[in-house]
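One structure is given below, encoded as structure tokens.
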Amino acid sequence: MEHRADPSSVPTASRGSRARYGEPPRKPVEARTPLTVESLVDRAEVTPRTPESATVLRIFQRRREEHAALFVAEMRDLASLWSEDDEHDEKALHALAAAVGLRTKLTRGEDRLRDAHVALTDLPSCFARVGEGALPVEWFEWLIRSVLRLSPHQRRQVDERVAAWQLESIDVERFYRELHALVVWFGRAAVQETPQEQRSVSLAPSSDGDGTACLMIRGPIPEISAFGQRLDAAARAVQDAQRRALDTGAPIAFDLDGVAAREGRQLSLSALQYAIAVRSQLDTGAVQVPDPAFRLSLVVPVLTLLGRSNAPATLDGTIPIPPRMARELAAKAPTFERVLTDPVTGEYLPSASRTYRPSAAMAENLRLIDPVCAVPGCSRNVMTVGEMDHIEEFDLEAPTHGGPTSIENLHRLCRRHHRMKSAGLLDPVRERETGATRWRLADTAVCDVAANTDLVTRELADRLRAAWQRYGDELEFEAMISTGAFDESRAEDADQAEAYRWGCHLIDYYSRTEYDEADDPGPPPLTPLPGQGPPPY
């Protein structure tokens, strides 16, 4: 009997040599039973000939025909934007056009453009099976992601084998399992990046909007482990120094919030590791790093700052932070850059400048309008590292003839798109009446982008008006009190006193133990006070 080894059990080196000198095995992948209407309903575990089973069949048919047809047409259109001969900027421009058409972020547009090229060039047989309705769209997208690290020749080998599977009948778990085994045959490097290739640093704000964020450092275990040990050793040394400082009364190092001084004990190791990581000077050796123009751009609604509203603030234009944290940051800020805008439209009010460089207030306002690159689809934050750009070019020789240095003619771009705009690949035009910007991406696409006027103000305009109305009402009420509008006259005071005296007299009469309800002559008369008549009842 011939023994065949499981491809997934072959050592990496062996798999790599087989991938170089041979072809992957042609394993037949067939379903135990064909997929029919009856078997589909049975797999869905619904009763045949019921509304539920009819719904399952409609979904299946729609995904197999309409969804597949739309996907195939879209992938063909996207693939037409790709050319191997394109230069770097041209590829970036086509990716931007794809993102505009898909109404998605630029990174997603780049991925879809790449996927379309791979689908039509390296996976044509499986792509045809999608059009037939045999290979579901989700399965095909997973296939593309699985072969991205393979060479074009290896992708075509995978394409030939997967297209021969009984795709119209096998279940999803079988497809994923068999595809994984086939791709792993080319070696572990075909499935995932090496630890060295995965070196990265990323910042992720909390999805809870609680004012926290996570800085993730990813890389080979030895390097990350060594960094963790150095950080731990530094924290222990600082902890010992804090103990000595508490004993001698010396200044306490790395006491971020004064907790050690207030509580009279050193900080925990985890707290010190954080303090050292965020406060230590970065050592770059012989490379000279200029002092960064570090800034925190915090947009706080005035009512939130005054404690009259809990509307959230934004940090660097995109990160929501709780109102309490915003007030604390504002209270600790050594300086403020005040930018006055219209409370409803967010428009910057001062007139345009005749110089090329915008004023500090104009630059600050631009950061609020365009916290990310103004190019549609681009998500790069430009609060700090972005560049200001004149939409209509400024004429340095004749400033009155070119585009003005005004908020209406300025926006902020990332460096990459600023360079592409200067090269003529991007052509923005701003409508004076509406403030919208029309972007022409060479001869590929046109996209209209509305002006960003919501600086956390429009949503608070009604609250601002209501708060102002309440403030006016309070002033009016205080004025009425001060003028005695609510003071009662002497006659009214006397009437109230007499009515109170009669009330006490009646309560005393009817609460006596000898009171007989059947024979009630009524309360005896009460002698009126001097100057008062009998009560009107």
Side-chain angles (χ1 to χ4, degrees), residues 78 81-83 85-117 200 202-203 292-293 295 297 314 316-319 348 356-358 362-396 402-431 434-455:
L78 290 171
L81 297 174
W82 180 283
S83 174
D85 299 329
D86 284 346
E87 298 296 333
H88 181 72
D89 282 349
E90 291 176 331
K91 286 187 177 181
L93 184 64
H94 289 156
L96 184 59
V100 169
L102 295 168
R103 298 185 66 185
T104 187
K105 291 186 176 181
L106 177 59
T107 52
R108 177 60 174 161
E110 293 172 342
D111 292 344
R112 292 298 303 275
L113 202 61
R114 175 208 61 204
D115 292 350
H117 172 71
S200 64
S202 59
L203 175 66
R295 51 178 288 126
S297 182
T314 54
D316 285 346
T318 56
I319 306 172
Y348 181 75
Y356 177 75
R357 186 175 298 277
M362 292 171 66
E364 195 68 27
N365 185 250
L366 279 175
R367 289 187 176 94
L368 307 183
I369 295 174
D370 296 320
V372 297
C373 179
V375 171
C378 184
S379 58
R380 296 185 182 93
N381 192 297
V382 293
M383 270 286 188
T384 304
V385 298
E387 300 172 348
M388 287 178 286
D389 172 67
H390 288 75
I391 296 174
E392 181 184 352
E393 297 299 334
F394 185 87
D395 192 334
L396 293 172
T405 301
S406 65
I407 293 295
E408 294 76 18
N409 190 48
L410 291 169
H411 56 193
R412 287 183 67 81
L413 305 177
C414 66
R415 292 173 179 172
R416 179 183 186 184
H417 287 135
H418 193 186
R419 177 171 50 81
M420 292 174 64
K421 192 255 186 183
S422 300
L425 297 175
L426 301 174
D427 182 22
V429 177
R430 180 162 291 176
E431 295 287 340
T434 63
T437 305
R438 168 158 290 193
W439 287 86
R440 186 173 298 278
L441 316 178
D443 297 326
T444 307
V446 174
C447 179
D448 293 328
V449 179
N452 178 22
T453 58
D454 188 358
L455 309 182

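Residue indices begin at 1 and follow the sequence shown.
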Quiz item: With sequence neighbours left out, what residues match Arg415 under side-chain contact (heavy atoms from CB on, under 4.5 Å)?
Solution: Glu387
Quiz item: With sequence neighbours excluded, what pairs up with Arg412 under the salt bridge (Lys or Arg N to Asp or Glu O under 4.0 Å) test?
Solution: none
Quiz item: For the residue pair Pro376 and Leu96, what are the closest heavy atoms and their distance?
Solution: O-CD1, 3.0 Å
Practice problem: Write down the atom of Cys447, the atom of Val100, and the distance for their closest heavy-atom approach. | Solution: CB-CG1, 3.4 Å
Practice problem: Can you measure from CG (Leu410) to CZ (Arg430) and round to the nearest 0.5 angstrom? | Solution: 8.0 Å
Quiz item: Is there side-chain contact between Val382 and Cys414, with heavy atoms separated by less than 4.5 Å?
Solution: yes
Practice problem: Indicate the atoms forming the closest heavy-atom contact of Leu106 with Ala99, along with that distance. | Solution: CA-CB, 3.9 Å
Quiz item: Where is the tightest heavy-atom contact between His417 and Cys373, given as atom of each residue plus distance?
Solution: ND1-SG, 3.7 Å
Quiz item: Got a sec, which residues hit salt bridge (Lys or Arg N to Asp or Glu O under 4.0 Å) with Arg380, two or more places apart in sequence or on another chain?
Solution: none
Quiz item: What's the spacing between Asn381 CG and Arg367 CZ if we round to 0.5 Å?
Solution: 11.0 Å
Exercise. Indicate the atoms forming the closest heavy-atom contact of Thr104 with Gly109, along with that distance.
Key: CG2-N, 3.9 Å
Self-check item: Contacts of type side chain to side chain donor-acceptor pair (under 3.5 Å), residue Arg419, not counting sequence neighbours
Solution: Asp89
Practice problem: Quick one: list whatever passes salt bridge (Lys or Arg N to Asp or Glu O under 4.0 Å) with Asp115, sequence neighbours left out. | Solution: none
Practice problem: Please identify each residue that fulfils side-chain contact (heavy atoms from CB on, under 4.5 Å) with Asp427, with sequence neighbours left out. | Solution: Val429, Arg440
Quiz item: Looking at side-chain heavy atoms only, is the closest gap between Leu426 and Leu93 below 4.5 Å?
Solution: yes
Exercise. Just jot down the salt bridge (Lys or Arg N to Asp or Glu O under 4.0 Å) partners of Arg112, sequence neighbours excluded, or say none.
Key: Glu74
Quiz item: Got a second to check how far Leu425's CG is from Leu441's CG, nearest 0.5 Å?
Solution: 10.0 Å
Practice problem: Check Ala116 against Leu78 and note the closest heavy-atom contact, atom names and distance. | Solution: CB-CB, 3.6 Å
Exercise. Name all residues meeting the side-chain contact (heavy atoms from CB on, under 4.5 Å) criterion together with Asp389; count only those two or more places apart in sequence or in a different chain, and write none if there are none.
Key: His411, Leu413, His418, Lys421
Quiz prompt | For Thr434, side-chain contact (heavy atoms from CB on, under 4.5 Å) partners two or more places apart | solution = Glu431, Ala436
Quiz item: Is the shortest heavy-atom distance from the side chain of Leu113 to the side chain of Glu110 under 4.5 Å?
Solution: no
Quiz item: So which pairs with a foot in residues 93-108 pass salt bridge (charged side-chain N to carboxylate O under 4.0 Å, His left out), sequence neighbours left out?
Solution: none
